[in-house]
Amino acid sequence: MEQKYCYTHPRPAVTVDCVVLSPEGGQMQVLLIERAMEPYKGQWAFPGGFMNIDESAEAAARRELREETGIAVGQMMQVGTYTRPDRDPRDRVISIAYVAYFDKRPEAVAADDAAKAQWFPVTQLPPLAFDHAEILRDVQELISPE
């Protein structure tokens with residue numbers, strides 16, 4: 001029997017974001033996708049998207065990364081939860097961010113709602129959509145606290 005959800009009070013949507021890092025080439029690289037759809041169409045962001053009602057946040061992060069870049073990830077670590085009410089112009093959206101690390105950069109192939117998938121040195125990033133610059137700062141503090 002399919003479960004139905006009906007609430008008196010509005011509920012936020014939940015998304016996941018995947019920060020994928022690799023030090024290959026002597027400099028830390030991060031994987032970004034160019035968004036193929038609004039909001040922020042044509043801008044760069046972390047792979048990610050909406051969590052399905054029947055999956056965990058980690059499962060959603062793995063699925064979104066695979067759908068948008070073709071990359072299957074092993075170990076991931078949760079970075080944090082991002083709840084600023086205006087972080088997404090579409091709706092009230094809460095995002096759970098994860099980080100994954102690869103010694104050797106896997107090839108990324110854009111698919112689903114990603115127009116491009118590309119590795120960038122973390123010191124030479126294009127402007128990032130949503131609050132992804134904040135998420136990256138949190139990842140950098142997490143992996144190299146000073």
Determine whether [X] and [Y] make a side-chain contact, defined as any pair of heavy atoms from C-beta on separated by less than 4.5 Å.
X	Y	value
Ile135	Leu128	no
Arg35	Phe130	yes
Gln118	Leu32	no
Val30	Val139	no
Trp119	Val20	yes
Phe102	Ile71	yes

Does Gln75, at its CD atom, have more than 12 non-hydrogen atoms belonging to other residues, nucleotides or ligands within less than 6.0 Å?
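Open.
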Write down the atom of [X], the atom of [Y], and the distance for their closest heavy-atom approach.
X	Y	result
Glu55	Ala60	OE2-CB, 3.4 Å
Ala100	Met76	CB-CG, 4.1 Å
Ala117	Ala110	N-CB, 3.6 Å
Pro89	Pro39	CG-CB, 3.6 Å
Ser22	Lys104	OG-C, 3.9 Å
Leu125	Val122	CG-O, 3.6 Å

Indicate if [X] and [Y] have the same hydrophobic cluster label, given that clusters are the connected sets of ILVMFWY residues with side-chain heavy-atom separations under 4.5 angstrom.
X	Y	answer
Met77	Met28	yes
Tyr40	Val19	no
Val79	Val14	no

For the pair [X] (side chain) and [Y] (backbone), establish whether a donor and an acceptor sit closer than 3.5 Å, ignoring hydrogens and angles.
X	Y	answer
Arg11	His9	yes
Tyr98	Val16	no
Glu67	Asp112	no
Arg66	Val73	no
Ser95	Tyr82	no

How long is the straight-line distance from [atom2] of [Y] back to [atom1] of [X], given to the nearest 0.5 Å?
X	Y	atom1	atom2	answer
Leu21	Leu136	CG	CG	7.5 Å
Phe50	Arg90	CZ	CZ	4.0 Å
Glu107	Thr69	CD	OG1	10.5 Å
Glu68	Glu34	CD	CD	12.5 Å
Gln78	Leu142	CD	CG	11.0 Å
Ile143	Asp138	CD1	CG	11.5 Å

Would you call Arg137 and Glu141 a salt bridge, taking side-chain N to carboxylate O under 4.0 Å as the test?
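No, this pair does not count.
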Should Arg84 and Glu134 be marked as a salt bridge (Lys or Arg N to Asp or Glu O under 4.0 Å) after you check the CA-CA gap, both sets of side-chain angles, and the distance that decides it?
CA-CA 11 Å; Arg84 197 178 68 236; Glu134 176 186 346; 3.5 Å; yes
Plane angle bin for Phe46 and His132 - parallel if under 30°, tilted between 30 and 60°, otherwise perpendicular:
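Ring orientation of His132 relative to Phe46: parallel.
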